[in-house]
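Shown next, in structure tokens, is the structure this report addresses.
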Amino acid sequence: MGDSPPPPEATPPPPPPITSGSPTDFLKNVVGKRVVVRLTSGVDYRGVLSCLDGYMNIALEQTEEHVNGTVTNRYGDAFIRGNNVLYISAAEPL
């Protein structure tokens with residue numbers, strides 16, 4: 001007689017995909033892409049990862065230096081010594 005089915009319950013969105021892999025795989029995937037390099041001093045360098053070596057020495061292109069979230073310098077190319085690197089993160093989806 002007027003029995004309608006209950007409204008469908010809202011389903012939560014699926015969780016984000018879990019990416020697995022080694023740090024080496026990550027670094028191979030970000031060469032040629034935009035990255036953020038955080039130094040132990042807290043300064044960030046954002047640019048395109050040109051290359052890096054086993055000591056985590058890094059070459060960036062189109063580099064911007066960020067101090068406390070503010071751009072303080074722009075460089076064409078920047079070379080960062082590995083012992084100063086705290087982490088590298090992708091600045092764009094992989």
Given the rule in the side chain to side chain contact (heavy atoms under 4.5 Å, CB included) test, do I88 and M56 qualify, once you have shown the distances and angles that lead to the verdict?
CA-CA 10 Å; I88 301 173; M56 204 62 80; 3.8 Å; yes
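Of the possible polar contacts, one joining the T72 side chain to the E65 backbone as a donor-acceptor pair under 3.5 Å is found. N57 places no side-chain N or O within donor-acceptor distance of the main-chain N or O of D53, the cut-off being under 3.5 Å.
The NZ atom of K28 sits 7.0 Å away from atom OG of S22, with the distance rounded to the nearest 0.5 Å. I80 contributes atom CD1, which lies 9.5 Å from atom CG of L49 (distance to the nearest 0.5 angstrom).
Both Y75 and I58 belong to a single network of hydrophobic side chains, linked directly or stepwise wherever heavy atoms of I, L, V, M, F, W or Y lie under 4.5 Å apart. Under the 4.5 Å side-chain contact rule for hydrophobic residues, F26 and L60 share a cluster. Residues L39 and V48 fall into different hydrophobic clusters, defined by Ile, Leu, Val, Met, Phe, Trp and Tyr side chains chained together at heavy-atom separations under 4.5 Å. Neither Y87 nor V43 shares a network with the other; the hydrophobic side chains, linked directly or stepwise wherever heavy atoms of I, L, V, M, F, W or Y lie under 4.5 Å apart, form separate groups for each. Tracing side-chain contacts under 4.5 Å through hydrophobic residues (I, L, V, M, F, W, Y), one never reaches V36 starting from L27; they form parts of separate clusters.
Of all the heavy atoms in V31 and S50, the pair that sits closest is CG1-O, 3.6 Å.
Identified under the salt bridge (charged side-chain N to carboxylate O under 4.0 Å, His left out) test for residues 31-41, with sequence neighbours left out: R38-D44.
A salt bridge links R74 with E64; the closest basic N to acidic carboxylate O contact falls under 4.0 Å.
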